[in-house]
Number of protein chains: 2
Amino acid sequence: MTDRHSALTSLPANDRKGATSSRGATREQVDAAIRTGLLTGRFIPGKAVTIRGLATDLGVSPMPVREVLQRLAAENALEVKSNGRVQVPDMTPDRFDEVLKARLLLEPELAERSLEKLSKRDVKMLTAIDDEIDQCIISGDAEAYMRLNHAFHFHVYRASGSKVLLPLIDSLWLQFAPFMRTVYGRVGTAILVDQHKEAIRAIKQRDRDALRDAIMGDITDGMGLIGKEILETT
Amino acid sequence: MTDRHSALTSLPANDRKGATSSRGATREQVDAAIRTGLLTGRFIPGKAVTIRGLATDLGVSPMPVREVLQRLAAENALEVKSNGRVQVPDMTPDRFDEVLKARLLLEPELAERSLEKLSKRDVKMLTAIDDEIDQCIISGDAEAYMRLNHAFHFHVYRASGSKVLLPLIDSLWLQFAPFMRTVYGRVGTAILVDQHKEAIRAIKQRDRDALRDAIMGDITDGMGLIGKEILETT
DNA sequence: CGTGTCATTTTGTGATCACAAAATTCACTT
DNA sequence: AAGTGAATTTTGTGATCACAAAATGACACG
């Protein structure tokens with residue numbers, strides 16, 4: 001068996017001709033692979049992550065993995081323990097509370113900044129994503145749900161062209177995503193509710209306050225209700 | 001001549017016995033060295049930073065420097081260009097605006113969270129730091145001013161025990177510090193004003209709103225007034 | 001004197017190695 | 001059979017190497 005411990009599809013294999021072989025291409029691919037792995041919940045909190053393991057999983061040398069792990073550790077998406085071991089951080093009530101607070105402070109602000117930049121084409125795109133999300137909730141596909149929910153929010157946020165707030169929010173998502181995945185694993189996706197439709201309407205009407213409210217509502221719907229009690233009953 | 005391009009004191013030389021030789025000790029030292037270098041403005045925005053250069057400056061192999069540079073790039077303290085070259089990002093009006101906004105959102109919040117944890121001993125420490133700051137303003141020592149101003153704010157923030165908001169704020173400081181250094185280089189430190197004394201008073205009186213106001217005032221005093229016009233007149 | 005071209009040097013990247021610390025396995029004792 | 005010790009494997013770290021891309025400098029030509 002060549003498969004190691006867990007889930008990460010091998011890299012595009014660097015197969016035939018070129019692809020985009022520029023400076024640091026391998027590192028970028030490794031970064032993207034691990035990052036989406038974290039955002040879709042394919043890494044379990046508390047579980048150790050080894051450099052050589054990921055390297056062989058992805059079919060590359062340990063070198064780019066080392067650098068990517070450092071990057072993700074700097075974003076608090078991973079935790080380097082004193083022994084040098086790297087793992088997905090465990091969620092604690094305090095951490096959860098802070099992430100929730102930070103999201104509520106930053107995301108509405110960035111959404112508002114995106115508002116003027118969002119075109120009709122973006123609205124169409126967001127509607128399409130939201131439709132897919134609804135299907136995922138019905139079908140119970142947690143991983144696809146997480147991927148699409150991320151796509152929805154960041155399609156809005158990216159429109160702002162932000163170089164400061166966006167990376168901060170990026171860091172936050174990387175921190176809570178693995179935990180949320182375990183939540184969905186327990187309670188299922190049926191209970192999920194969001195305010196994406198309210199957000200889309202607010203964007204259409206160019207209503208800043210309505211957009212802020214929708215984003216804040218969406219965050220509290222997604223995190224505020226569920227997470228707390230899970231953490232407390234563990 | 002062994003000295004390379006610029007300012008970074010060689011590492012404690014790994015001199016006599018041990019110090020704290022644990023896992024990743026070298027990397028931590030390199031990280032601390034570059035980080036404080038950025039926070040005190042010893043790196044000039046736009047100036048390229050080379051791995052081998054820093055490595056020889058610090059007397060270590062390129063290896064730990066590579067990892068640290070990736071970490072700092074992940075925090076947006078450094079910028080990796082498409083050629084792979086690493087440099088201190090240039091400040092732009094947009095970036096400046098975003099950093100200011102983010103600081104105003106996050107720092108008062110974390111200060112408030114720190115309030116209950118701050119003891120009389122902390123107040124004494126903060127007062128001592130603020131006294132030193134006043135001297136720096138008079139003597140015009142910009143580098144010491146930046147170091148102490150950072151020490152003041154983060155002594156407050158660290159008391160909160162935050163694991164989420166604190167790293168975000170850390171990232172923000174790393175982003176604007178190198179630029180502010182160039183500002184002080186132009187206009188001097190005489191014009192500097194802060195609201196540290198108001199903050200200390202608020203801490204003493206356990207006044208949450210007053211502390212928020214002091215922190216916000218301090219931020220706008222330090223950044224809001226100066227930075228904008230500098231950027232626009234360039 | 002400016003400009004484009006070519007050779008040289010520098011730089012980042014990925015890979016591999018050697019080593020020590022840590023974790024794991026396993027045999028042995030009680 | 002359970003606990004304990006040593007032996008073995010795994011892992012992170014720092015260093016070095018080879019290579020290609022990029023930057024730098026020299027130099028010839030207009």
Side-chain angles (χ1 to χ4, degrees), chain A residues 1-6 10-15 17-34 46-74 78-88, chain B residues 1-6 10-15 17-34 46-74 78-88:
Chain A
M1 61 185 77
T2 63
D3 279 356
R4 291 289 299 240
H5 35 61
S6 71
S10 178
L11 245 46
N14 186 15
D15 251 344
K17 47 197 55 172
T20 66
S21 68
S22 84
R23 217 59 183 273
T26 316
R27 182 175 53 218
E28 288 310 316
Q29 290 182 4
V30 171
D31 188 280
I34 300 179
K47 188 99 175 202
V49 169
T50 68
I51 295 175
R52 287 177 171 91
L54 286 176
T56 58
D57 281 354
L58 296 169
V60 298
S61 99
M63 208 53 229
V65 178
R66 279 172 68 170
E67 295 185 339
V68 168
L69 255 47
Q70 291 295 325
R71 276 165 57 151
L72 292 169
L78 294 174
E79 181 183 13
V80 284
K81 309 200 71 178
S82 59
N83 16 341
R85 220 55 177 282
V86 175
Q87 69 172 49
V88 183
Chain B
M1 62 187 78
T2 62
D3 279 356
R4 291 288 301 243
H5 34 63
S6 70
S10 177
L11 244 46
N14 186 14
D15 248 343
K17 46 198 56 174
T20 64
S21 69
S22 82
R23 217 58 181 275
T26 316
R27 181 175 54 219
E28 288 311 316
Q29 289 183 4
V30 171
D31 188 280
I34 301 179
K47 187 100 174 201
V49 168
T50 67
I51 295 175
R52 286 178 173 88
L54 287 176
T56 58
D57 281 353
L58 296 169
V60 298
S61 99
M63 208 55 231
V65 177
R66 279 171 67 170
E67 295 185 339
V68 168
L69 256 47
Q70 291 296 324
R71 275 164 58 149
L72 290 169
L78 294 174
E79 180 183 15
V80 283
K81 309 201 72 177
S82 60
N83 12 343
R85 217 58 177 282
V86 175
Q87 70 172 49
V88 183

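Each chain gets a letter, A, B and so on, in the order its sequence line appears, and its residues count up from 1. Source: prediction; values computed, not measured.
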Subject >> Residue met sooner reading DNA chain C from 5', once A/R85 and B/V80 are mapped to nucleotides >> reply: B/V80

**OP:** Would you check if B/L54 and B/L69 make a side-chain contact, meaning some heavy-atom pair closer than 4.5 Å?
**Re:** yes

Original post:
What's the CD-P distance between A/E79 and D/dG12, to the nearest Å?
Top reply: 15 Å

N/O contacts under 3.5 Å, protein versus nucleotides 13-17 of chain D?
unit_1 : atom_1 : unit_2 : atom_2 : d
D/dT13 : OP1    : B/R27  : NH1    : 3.4
D/dT13 : OP1    : B/R27  : NH2    : 2.4
D/dT13 : OP2    : B/R27  : NH1    : 3.4
D/dG14 : OP1    : B/T26  : N      : 3.2
D/dG14 : OP1    : B/T26  : OG1    : 3.2
D/dG14 : OP1    : B/R27  : N      : 3.4
D/dG14 : N7     : A/R66  : NH1    : 3.3
D/dG14 : N7     : A/R66  : NH2    : 3.0
D/dG14 : O6     : A/R66  : NH1    : 3.2
D/dA15 : OP2    : B/S61  : N      : 2.8
D/dA15 : OP2    : B/S61  : OG     : 2.4
D/dA15 : O5'    : B/S61  : OG     : 3.4

**OP:** Would you check if A/R23 and B/R85 make a side-chain contact, meaning some heavy-atom pair closer than 4.5 Å?
**Re:** no

Original post:
Would you call B/L72 and B/V68 a side-chain contact if the rule is heavy atoms closer than 4.5 Å?
Top reply: yes

Original post:
At under 4.0 Å between heavy atoms, what does A/V49 touch on the DNA or RNA strands: base, sugar-phosphate, or nothing?
Top reply: sugar-phosphate

Original post:
Would you say A/K81 and A/Q87 make side-chain contact, with heavy atoms under 4.5 Å?
Top reply: yes

Original post:
Do any side-chain nitrogens or oxygens of B/N83 fall under 4.0 Å of OP1 or OP2 in C/dG12?
Top reply: no

Subject >> Stepwise side chain to side chain contact (heavy atoms under 4.5 Å, CB included) test for A/R66 and B/M63 >> reply: CA-CA 11 Å; A/R66 279 172 68 170; B/M63 208 55 231; 3.7 Å; yes

**OP:** Could you tell me the separation between the CG atom of B/L69 and the C1' atom of C/dT11, rounded to a whole number of Å?
**Re:** 12 Å

Subject >> Rounded distance in Å - CZ (A/R71) to P (C/dG12) >> reply: 15 Å

Original post:
Is there side-chain contact between A/I34 and A/V49, with at least one heavy-atom pair below 4.5 Å?
Top reply: no

